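All remarks here apply to the structure that follows.
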Amino acid sequence: MLSSPLLQRLAQATPLNAIAPLADLALRLYIGKIFFMSGLTKIADWDTTVMLFSDEYHVPLLSPQLAAFGGTAGELILPVLLVLGLFTRLSALGLFALNAVALLSYYHVLKDMPSAVQDHLEWGLMLLALIAIPLQRWALDRVLFRARASQ
């Protein structure tokens, strides 16, 4: 077994920890843009959105109008919170749930488009990373919680 100090330092990659906040911000910007743009598309033609939720998307337990409103609101509000880093993990969790519902409720169409399924799986993985990995983020959460802790 190799246990030299050099190998241990390389395995820990401590200098790379400095780029973690930048990687976190890039991930939040990327995934936030995807969901926000989807929300903008939905509000651009509300009648079509409601029709899609009535005829194409099979969201369980909700009326098409409520599902359309909730999904669109989530796609417009949660990405903004995510990008700002406000309630970051909770925002990512909400988008993760929204993504899962979208994948499951529209799977009957997406199953014939492997790249679309792959997109949803990748977005889910990115969101899961934001939920699961606590980082020292460049985020409003950090500023707000630090201000509260010092009071």
Side-chain angles (χ1 to χ4, degrees), residues 12-151:
Q12 292 173 351
T14 305
L16 295 178
N17 290 346
I19 66 169
L22 178 61
D24 176 77
L25 178 62
L27 189 55
R28 288 187 288 129
L29 288 170
Y30 176 77
I31 200 78
K33 179 184 176 194
I34 289 167
F35 282 90
F36 189 75
M37 297 302 288
S38 178
L40 289 179
T41 301
K42 286 180 177 64
I43 62 169
D45 187 351
W46 187 249
D47 291 335
T48 301
T49 297
V50 172
M51 188 245 347
L52 284 170
F53 275 87
S54 297
D55 300 337
E56 289 290 321
Y57 308 149
H58 302 292
V59 178
L61 307 175
L62 298 175
S63 71
Q65 293 80 10
L66 187 58
F69 179 78
T72 302
E75 287 182 337
L76 293 173
I77 296 167
L78 294 173
V80 173
L81 294 174
L82 187 72
V83 166
L84 293 174
L86 192 57
F87 308 111
T88 305
R89 294 171 98 179
L90 187 59
S91 300
L93 181 62
L95 288 172
F96 182 85
L98 202 146
N99 183 56
V101 169
L103 180 60
L104 294 173
S105 65
Y106 201 50
Y107 187 76
H108 64 283
V109 173
L110 294 177
K111 68 179 181 194
D112 297 326
M113 297 183 282
S115 63
V117 172
Q118 185 68 30
D119 285 344
H120 281 276
L121 294 174
E122 289 172 3
W123 300 335
L125 184 58
M126 290 177 206
L127 289 163
L128 192 58
L130 289 170
I131 295 164
I133 302 171
L135 295 171
Q136 297 297 319
R137 295 183 159 105
W138 293 335
L140 287 178
D141 282 344
R142 187 162 184 219
V143 174
L144 291 174
F145 293 133
R146 189 177 341 157
R148 282 204 175 135
S150 66
Q151 290 179 352

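Because the structure is a prediction, the values reported are computed rather than measured. Values reported hereafter were calculated over all heavy atoms of this structure, with side chains retained and with hydrogens, waters and symmetry mates removed. Note that the numbering runs from 1 along the sequence shown for the chain.
The heavy-atom pair separating Ala132 from Arg89 by the smallest distance is O-NH2, 3.5 Å. Nearest heavy-atom pair across Thr88 and Leu82 is O-CD1, 3.6 Å. Counting all heavy atoms, side chain and backbone alike, Ala18 lies closest to Pro21 at O-CD, 3.5 Å. Pairing each heavy atom of Pro79 with each of Gly74, the nearest pair is CD-O, 3.3 Å. The minimum heavy-atom distance between Glu56 and His108, with the atom names listed, is O-CE1, 2.9 Å. Residues Gly32 and Val83 come closest through the heavy atom pair CA-CG2, 4.2 Å.
Side-chain atoms of Leu40 and Met37, non-hydrogen and from C-beta on, do get closer than 4.5 Å to each other. Taking 4.5 Å as the limit, every side-chain heavy atom of Ser91 sits out of range of all side-chain heavy atoms of Leu86. Between Leu81 and Leu90 the shortest side-chain heavy-atom distance does not fall below 4.5 Å. Taking the side chain as every heavy atom from C-beta outward, Tyr107 and Val117 approach each other to under 4.5 Å. In this structure the side chain of Thr41 never reaches within 4.5 angstrom of the side chain of Thr49, judged on heavy atoms. Counting heavy atoms from C-beta outward, Ile34 and Trp123 have side chains that approach closer than 4.5 Å. Contact check for Leu130 versus Phe96: no side-chain heavy atoms found under the 4.5 Å cut-off. Looking at heavy atoms from C-beta onward, Trp138 lies in side-chain contact with Leu22 at the 4.5 angstrom threshold.
By the 6.0 Å contact criterion, CZ on Phe87 is open, its count of non-hydrogen atoms from other residues, nucleotides or ligands being 12 or less. Within 6.0 Å of the CZ atom in Phe69, the count of heavy atoms belonging to other residues, nucleotides or ligands does not exceed 12.
Rounded to the nearest 0.5 angstrom, Leu140 CG and Leu84 CG are separated by 5.5 Å. Remark: Met113 CE to Asp119 CG distance equals 10.0 Å, nearest 0.5 Å. Annotation: the span from Leu128 atom CG to Asn99 atom CG amounts to 11.0 Å, rounded to 0.5 Å. Thr72 contributes atom OG1, which lies 9.0 Å from atom CG of Leu98 (distance to the nearest 0.5 angstrom). Between the NE2 atom in His58 and the CG atom in Leu104 there is a gap of 12.5 Å [rounded to 0.5 Å]. To the nearest 0.5 Å, atoms CD (Glu75) and CD1 (Ile43) are separated by 10.5 Å.
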